[in-house]
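In this text, all values refer to a predicted model and were calculated from it rather than measured experimentally. The sequence lines fix the lettering, A, B, ..., with proteins before strands; numbering per chain opens at 1.
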Protein chains: 2
Amino acid sequence: MQISSRFTIAVHILTCIDTLKDEMPLNSETIAGSVGVNPVIIRNLFGKLKKAGLIIVLRGGNGGVTLAKPLSEITLLDVYRAVDSVEDGKLFHFHANPNAACPVGRNIHHVMDGRLDEIQDAMEEKMQSMTLADIVADTKRCIKDEKQRA
Amino acid sequence: MQISSRFTIAVHILTCIDTLKDEMPLNSETIAGSVGVNPVIIRNLFGKLKKAGLIIVLRGGNGGVTLAKPLSEITLLDVYRAVDSVEDGKLFHFHANPNAACPVGRNIHHVMDGRLDEIQDAMEEKMQSMTLADIVADTKRCIKDEKQRA
DNA sequence: TACTTTTGTAATAAAGATTGTTACATGGCA
DNA sequence: TGCCATGTAACAATCTTTATTACAAAAGTA
């Protein structure tokens, strides 16, 4: 199955915070409007991103969300891990009951584990090489291009 | 969410075919016994692996399954793709309704798509570098070690 | 203090995928 | 004609995701 949209939504949230901070109040309601989901989904992700130290969230009038660190210090891997994109941090679901009475059944887990980790590492290293600063820079460039065309 | 156990089960199946071919009849029943799932799960995977040209499946008495090509020519990526490990071949689930009325909402998909593809490519390249011959060699070594210890 | 706004979170439901299981038709060989 | 194994349909159980309502808790303001 696919990796949860929590990940792309979280990137969307962080991009909004930096890109729209001078244009509108940044709360779960307005961001939900941009993402196209229920505000509670956003508030739950606020909780995870806050716990990971990526954002600061305040309650009450004039509350809302701000970044806790520079965009250049937030990698896609940080976001991916913050929102529990996969169960227990493991990308692959290994079948649970291989038969220990079979020579293959009792060894396959051990033989595959290292390789599955290598594959996951390759993916996570690529994620670590990309920062939110890259994403936001591209987004702002797109917006500027739109204005020029208009 | 995690990648379906169809992937690890399929690797288990192919490993059984080569490792146990002289020890027992290789049909959905015996392989299901090694994997620890219902034979119908195995038969459904037979269908996908067959369609991908990795195995040959015969019905009737003395039926069962054999490899369609050398293990060294089957990569983990081949198996991963054969069994539809992720929907539409896309690793990431992108939230479906970003708001086109928002500057971020109407650009985020385009900005992220290339990067998500890069991440997926990094993972798939690693998978392509590993063959079933590697897995089976390790498995046979484990089995030999077990016998020495006994 | 009372009011308003916004987060935090529980509870619930609907939809979708995975996995397990039974049942039976189909194909292929003796 | 039997026998055996695959192919597949049909269903159910479980789990995760996503959506939604409701309300308590916190924080600022009049």
A:H95 and B:T8 side chains, donor-acceptor separation under 3.5 Å: yes

Atom-pair distance (CZ on A:R59; C1' on D:dA27), nearest Å: 9 Å

Closest-nucleotide 5' rank along DNA chain D - winner of B:H93 and B:G64: B:G64

Side-chain N,O (B:S4) to OP1/OP2 (C:dT19) below 4.0 Å: yes

Closest non-hydrogen atom pair between B:H12 and A:P98, with its separation: CE1-CB, 4.1 Å

Near-strand residues of residues 28-58 of chain A, defined as heavy-atom separation under 4.0 angstrom from DNA chain C: A:S28, A:V40, A:R43, A:N44, A:F46, A:K50, A:V57, A:L58

Distance in angstrom units between A:N97 CG and C:dT19 P, rounded: 12 Å

Could you list all N or O pairs between the protein and nucleotides 11-14 of chain D that sit under 3.5 Å apart?
none

Check: B:S34 side chain, B:I31 main-chain N or O, donor-acceptor pair, under 3.5 Å: no

At a cut-off of 3.5 Å, list every protein nitrogen or oxygen paired with a nitrogen or oxygen from nucleotides 15-17 of chain C, distance to 0.1 Å.
none

Counterpart residues, salt bridge (charged side-chain N to carboxylate O under 4.0 Å, His left out), relative to B:D117 (two or more places apart): B:K90

Distance in angstrom units between A:N27 CG and C:dT4 P, rounded: 18 Å

Integer-rounded Å distance: D:dT18 P and B:F94 CZ: 13 Å

Considering all heavy atoms, the nearest A:L26-A:C16 contact: CD2-O, 4.1 Å

Interatomic distance, B:T30 atom OG1 to A:N99 atom CG [nearest 0.5 angstrom]: 11.5 Å

Comparing A:S5 and A:G60 on DNA chain D - which has the more 5′ nearest nucleotide: A:S5

Transitive ILVMFWY cluster of A:I143, excluding itself - 4.5 Å side-chain cut-off: none

Validation row: B:Q120, B:E124 side chains within 4.5 angstrom (heavy atoms): yes

A:Q2 versus B:D88, side-chain donor and acceptor atoms under 3.5 Å: no

Heavy-atom side-chain contact between A:T131 and A:I74 under 4.5 Å: no

ring-ring contact (aromatic ring centres under 6.0 Å, His included) partners of residues 62-81 of chain B, not counting sequence neighbours, each pair once: B:F7-B:Y80

